[in-house]
Each structure stands twice: as structure tokens, then as C-alpha cells.
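Quick notes on the structure that follows.
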Amino acid sequence: MRRTRRPAAACLTLAPLTTALLLALPAMAQETAKLESVTVTAERRAENIKDVPSSVSTISGETLDVLNSSGQDVRVLSGRVPSLNIESSFGRAFPRFYIRGYGNTDFRLNASQPVSLIYDDVVQENPILKGFPAFDLERIEVLAGPQGTLFGRNTPAGVVKFNSVRPSQKQEGYFSAGYGSDNAVNLEGAFNLPLSGAWSARVSLLSQQRDDWVHNTKTTGTQDLEGYRDRAVRLQALYEPSKDFSALFNLHNRDLSGSARLFRANIIQPGSNNLVDGFDPDKVSLDGINEQTLSNTGGSMRLKWGLPGMALYSITGYETLSSFSRGDVDGGFGAAFLGNDDPAPIPFPSETSDALRGHSQWSQEFRLESATEAPLQWQTGLYFFKEKYRMLSANYDSTTAGNPQTGDTITTTQKNDAWAVFGSLSYAVSPQLKLRGGLRYTHDKKELSTAPDASLNSAAGLAMETNNSKTNWDASATYALTPDVNVYARVATGFRAGSIQPASAFAPMSSAAPETNTSYEAGVKADLFDRRARLSASVFRYTVKDQQLTAVGGTDNANILVSAKKAQGQGVEMNLTAYLTDNLLLGLSGSYNHTQIKDGNLQVIGCRSCTVTDPAGTLPGTYNINGNPLPNAPKWIGNVNLRYSVPTDSGEWYVFTDWSYRSKVSFFLYESKEFTGKSLLEGGVRLGYIWGNGKYEAAIFGRNITDKVVATGAIDFNNLTGFINEPRTWGASFKATF
């Protein structure tokens, strides 16, 4: 299927639109449709989202179905709620999360992130674990700002929390099938198993695949690319013999194979961030091998005991992971032929692979909480974490005659042990005023060692460890102006333990001190016009000290772990859901984030062939990045969706459209014309019919319907090499519930 590309441009002006909609809603008060209450577990208890004293956004129900319809991975969540950005230089594996502009661009397999992903109450620490597909979920919660008290594990920027649909005794389930461009097939289903007595069980299945749609114009290397096969299964069993005890068991597996991230040499015009004239997304010109495999198996056990006036929880989690990703990082062909008419000449070849082996992650939490109606509520607990794995890195040279396409492998082992004790209190001073506070003490130890190899820079040795401890706290207050309108204020701290960078051929081993975040936030949450609209808005400001950053590439080809003395962010966030009429539902969200690195002494090496706009540093080839924004931190994020329905005697026709926008971003710590990503607006549309009392649904859909194509990331050590966003897709789907 041949694609015709054309540019699209748009801007979102959220405040005037929101004001106009809110002013219009009272005139529609005669309508009868109302919004359902949203219950979240952002404070580790089930409560109305309006009562939570922090910025919490959710994605669930039909919106999740729409986003998953084309078979995309978790990156499709980017921009769907305020301040959330997700990108990857590994493709469907290894997503990197950013909340309020605060994240980590490090692509090493031992990288930690300041945004924690928690799937069914178990933290997914390794960044490859964070790519587990989002299917058969009750909801996704995005908690912005530090969550260092109740969640703790690497949460100074926030938490993305996935909650699966639990088993029940009801004989129910669903099946959905979708087919789209490039023979993309998306199959998903779940059903509760008929068990007797106190047992219930649920099986959830996902199968996604797509044919290769990019062709290599060279006869060497992988010929067809960008296809994938992604399978996942989740088995849950729930045992509830009485109201005082329950046990929820979870087993899950993911198996992925296909293309790694596809790098494309010389696709950016020198002196600008435009794609080169005649750029064809369907073609590449490279001489290397591209492949990716991933297998992840895990399980958890969640026990609950009801005790007099309290409840005790035990959450045990285990994950194991094996992955391999190989790519032609230079994105081109024939270093010896630099300067000829080849569309992708390169100054030198770079083809690498990274693999994870022997991975295991154990976590255990014990949590005791009050279970009374008293004004004072509390919870306390212990947390233990243990992780180990081997990283295997190899370099290849596809241009060498007789090269067997294998490389010498460098093996690095990392171990991480941590424990924490935590507690929190909330007190209802009056029916209107509630105060909350919490503390957490964490101890974290890492040990890393690399097997000796002549190619490594061993100036700083090949083994290192970190040993960090930190106490975090938060305090908040919620005040009910009316039964439907709450205001809140919160101050919170977060902590990410120190990191270790293994030695490479271009840089010695190094480590970075822990980073800490202090955040201030205030906001309002309201159910408006007899629950025909729901609004939340917040303002925030945070300061990160000793932020761990990665200086990628540069003229020295080195990935260097650095620390910024300080980084700051501030901004506003807004969510609005409203029935404009009984048949027209609006979802609108947006955020403004201004981030800034504040370290007058921090200098990084610049790129080989781009136009750096920062002032030169004291050493040749270096640049001063003081005042720069954090990488991959868009100032503006906006999302709008509209659903219009037309009821009939036998069912309902509907049209759903959603649009997500993010402003420009800087790919690296330094700023340059070429490596500033353009703003990106992507839209989707879905036209469907529901019948049989809501049991059946058929729809046609399109994703990225304007066919917008931009560079969403780059490699800067070689030439103007980048990678692009997902193409436009069309398709059809069918869903049946029972």
C-alpha cells in the first residue's frame, strides 16, 4: 500500500475553548446524560478522583479501545493526558516515559527512569519491562509529580499505573478483532472462567502483528523492515472464601519478534529540522542487520487479610526477561563511499546489538492500613526489591569483506538490592478540610562489573557500586468549597538512586549521585452542572537537584553519564470531560511545561555534523547547556476527543475523533537546528455501530489520518540520522461482549 505524505499544521488554544464550553454548559442543563464517578487508587486506597490531593489523569473504556485498535504499543498513550510524553529508540521495546518534562533519555539496558510504571501493583523497573502491552485494563492512572511516599521506587517524576480487570463470578467476557493497513491484525479477548465455590478466574489474550512495509534498496542487510509479531497473555485466579481474606494470583507472558528501531541516515536537511526533499518513508538504504526479540514472563500474588479495624496486604512480584535487539545504527551504507550519490552515505559504519540475559526481579511489599470510618486514617508498610541481570553488547562491521555478521560480545552484570519503610496519615479536621502526610526511608545498593576486554576504556576500572539512602516526605490539604468542588495544595519530594555507566570503547566507567526532586502543586477538582462536566486544573513548580542526564554521541561517539546541579520545571495542567448534549461527549486536556537546566559549569560534547546553537564551552567541541530545556520535554501537550452518537430503534451509530498535539522538543542536552524535533499533531477517527443491547460493535477507523511524518528522534554521533513516527493506518474492527 503506497502512502502519499503531506504536511499538517495546527495549534491548540485550550484556555479560551475551555472557558467557552463551561459557559455554554448551563444552557444545556435540561439534558439528562451524566458522567459516572471515577474511582482511582492513587493513594493506595480506592477513592473518588476528586478527593485525591494531586494531579491524576485516567484513560479507560472506549478511549483505550480506540487507541489500541491499530495495534500500536504503549507509546500511543503519549500526549493522551497532560504532561505525558513517551518515546523510544528501540521501537516496541524500551519505552521512555516523561512527566512534566522530567524523564531520562538513556538507552542503556541498565538505565533507570524517574517515571515508575506499576502494573497490577508490581513495579516494572527495567525499562524493557515497561513496554508490556496495555490490554483488558480497568483503567490507566497517570500520577504527576513525586510519589516517593506510597510508591517510592524511582518515582520523583510520577507514576503510570496499569490496573487489569479482575476476575469475578460473572460469566462475562469480550472478543475484538481488527484488520488494517499493511495486513495489521489486532486480536484481543478476555473471559471469566466458570469455577465453583470461592474461586474465580480470568484469561486475557492479545495478539498483534503487522507485515513489513519498509524496503531496503540495498541487496545487503535486512531487506524488509518494520513488521512485528507481539503476543501477550494474562491468567488471574481470585480466591475469596470470606470477606476477611482474599488472594489474587497473576501469571503473564509476552513474546515479541520483528524489527528494532529503524534508523535512517541523512534524512534531516542541514541547517534545519525539515526532512530532506524527496524523503520516502517506505524505503531505506543500509547494509546492516535489523532484528528484535523479547520474552517476558512474570507473576504476582496479592493477599489481603481483614483484621479488627485494619487490613493487611502482602504483594509479591516476580519478573524475568530476555531480550535481543540489533540494528544498523548508522542508518546508511558504505562508509568507504562517502560523497557518492548514494542516498545514505556515512563517514564510518556502526552496527550494534544489545541483549539482556539472566534477568530476575523480586519485589515484596507488606502494607497495613486502617479500615474504620474514623477521622484519622493511616497506612504503613515495608518494601523489598532485588534485581540482577547480564547485559551483552556487541559491535559489527557489515562493510568488511567476509565479515560473518558476528561481533565480540562484552558482558556486564548488575545487581540491585533495595528496601524501604513507609507510612502515611490522613485526618479529617472537619467535613470540609482533610490533611495528609507521609514519610518513606529507602536504602538502595547497586553493584556493576564488566568482564575484561581489550576494546574497553578501563581508566576508571571495570567494577563499581553505589550505596544510597534517602528519606522522602509529602504533605497535602484538601478543602471542599462545595460538595462538588475541591481545592488542594501539595508539597512532595522524590528520590532516584545513583546510576552506574559501564565502561565502553569511548568512555571510562562512571557513576552519578542520587537525584532528588521537591515539588509544589495546587489545584481544583470539580463536578459541574449536576455531573454533566468534570474539571480538574493544577499549577506546579519543581526543582531537581543532581539530575542524572545522558550526553549522547557527539564527536567522540561517547554516551556519558553527567549530573546537572539543578533543573527546574513549572507549568499548568487541565482536564475537562463534558456532555455538551446527551449525544455529544467532549474530552479535552492540556498542559504547559517550562523546563530549564541550571548549571553554569555543565558542558557536553556537540554533534559531528549539525548546527549547534548553544555557546561554545571551554574545551574544543564542547557546549555550555545552562538554560536549555530538558530533552524530549515539549512545552505544550494537548488532547481533544469528541464522541457523537445517533440512537436508533435497534442500536446506536457513533463517530469518535481524537487529536493529540505536542510542541517541538530537543532530542539532546545541547540545542541544534537539525536535532530539534518538529511539533507533532496526530489525529484519529472511528465510525461505528453498536447493537444487540450493547453486545456487538463494528467500526472502521483511521490513525494519523493526516499522514503527518516527522523525525521523532535521532542519533547524533555519525551524521544526520533520525527515526520517524508511525505511518497513517486505516482499518476495520469488530467487538462482541458476552
Side-chain angles (χ1 to χ4, degrees), residues 33 36 58-74 76-77 80 132-140 162-168 170-194 201-210 228-236 252 254 583-585 587 641-658 683-705 726 729-738:
E36 296 182 356
T58 63
I59 306 173
S60 62
E62 185 179 48
T63 301
L64 267 179
D65 288 344
V66 169
L67 296 179
N68 284 335
S69 59
S70 60
Q72 295 190 49
D73 56 277
V74 296
V76 76
L77 303 175
R80 306 299 169 181
F132 196 88
F135 67 105
D136 193 29
L137 298 180
E138 180 183 351
R139 67 186 175 276
I140 297 173
F162 288 9
N163 300 299
S164 298
V165 176
R166 290 164 58 102
S168 74
K170 295 181 180 179
Q171 301 302 303
E172 63 181 14
Y174 73 93
F175 170 77
S176 67
Y179 179 80
S181 305
D182 303 307
N183 293 319
V185 177
N186 191 72
L187 303 175
E188 183 179 332
F191 55 92
N192 290 327
L193 295 174
R202 187 174 182 89
V203 179
S204 308
L205 302 164
L206 178 72
S207 176
Q208 298 174 319
Q209 65 184 53
R210 182 178 68 185
Y228 59 81
R229 182 187 64 84
D230 207 350
R231 309 281 192 265
V233 59
R234 182 187 307 118
L235 307 176
Q236 296 181 87
H252 52 267
R254 181 192 188 191
N583 298 332
L584 181 60
L585 178 64
N641 56 70
L642 283 167
R643 187 187 193 277
Y644 183 72
S645 62
V646 180
T648 68
D649 292 339
S650 57
E652 175 194 63
W653 288 97
Y654 73 88
V655 60
F656 185 103
T657 184
D658 63 295
V685 65
R686 185 180 180 95
L687 175 64
Y689 182 66
I690 301 173
W691 73 98
N693 293 321
K695 292 184 176 181
Y696 305 104
E697 176 184 357
I700 57 175
F701 63 84
R703 304 301 306 167
N704 190 14
I705 58 176
E726 287 290 302
T729 57
W730 300 102
S733 65
F734 172 78
K735 182 177 182 179
T737 58
F738 50 88

Distance-minimising heavy-atom pair for [X] and [Y]:
X	Y	answer
Thr737	Gly694	OG1-O, 3.7 Å
Phe738	Ala190	CZ-O, 4.1 Å
Gln72	Arg703	NE2-CB, 4.1 Å
Glu62	Arg643	OE1-NE, 2.7 Å
Tyr689	Tyr654	N-CE2, 4.0 Å
Ser60	Glu138	CB-O, 3.4 Å

### Message
With side chain to side chain contact (heavy atoms under 4.5 Å, CB included) as the criterion, how do Asp136 and Arg202 come out once you've worked through the C-alpha distance, each side chain's angles and the decisive distance to 0.1 Å?
### Response
CA-CA 10 Å; Asp136 193 29; Arg202 187 174 182 89; 2.9 Å; yes

### Task
Please name the residue in the list Asn641, Thr63, Val685 that meets the side-chain contact (heavy atoms from CB on, under 4.5 Å) test with Asp658.
Asn641

How many angstroms lie between atom [atom1] of [X] and atom [atom2] of [Y], to the nearest 0.5 angstrom?
X	Y	atom1	atom2	result
Ser733	Tyr179	OG	OH	14.0 Å
Leu585	Leu642	CG	CG	8.0 Å
Asn583	Trp653	CG	CH2	15.5 Å
Leu206	Phe132	CG	CZ	8.5 Å
Ile700	Ser69	CD1	OG	12.0 Å
Ser181	Arg210	OG	CZ	9.5 Å

### Message
With a 6.0 Å cut-off (strictly less than), is the heavy-atom count around OH of Tyr696, excluding the residue itself, greater than 12?
### Response
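Not buried by this count: 12 neighbours or fewer within 6.0 Å.
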
### Query
Hey, is CD on Glu36 packed in by over 12 heavy atoms from elsewhere, all under 6.0 Å?
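Counting neighbours around CD of Glu36, 12 or fewer heavy atoms of other residues, nucleotides or ligands fall under 6.0 Å, so no.
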
Look only at the side chain of [X] and the backbone of [Y], and say whether a donor-acceptor pair between them is shorter than 3.5 Å.
X	Y	value
Ser164	Leu137	no
Glu726	Asn704	no
Asn192	Lys170	yes

Are side-chain heavy atoms of [X] and [Y] found at a separation under 4.5 Å?
X	Y	answer
Gln209	Asp182	no
Leu187	Leu205	no
Ile140	Leu77	yes
Leu64	Phe135	no

### Task
State plainly whether the residues Asp65 and Arg686 are in salt-bridge range, i.e. N to O under 4.0 Å.
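No, no charged N to carboxylate O under 4.0 Å.
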
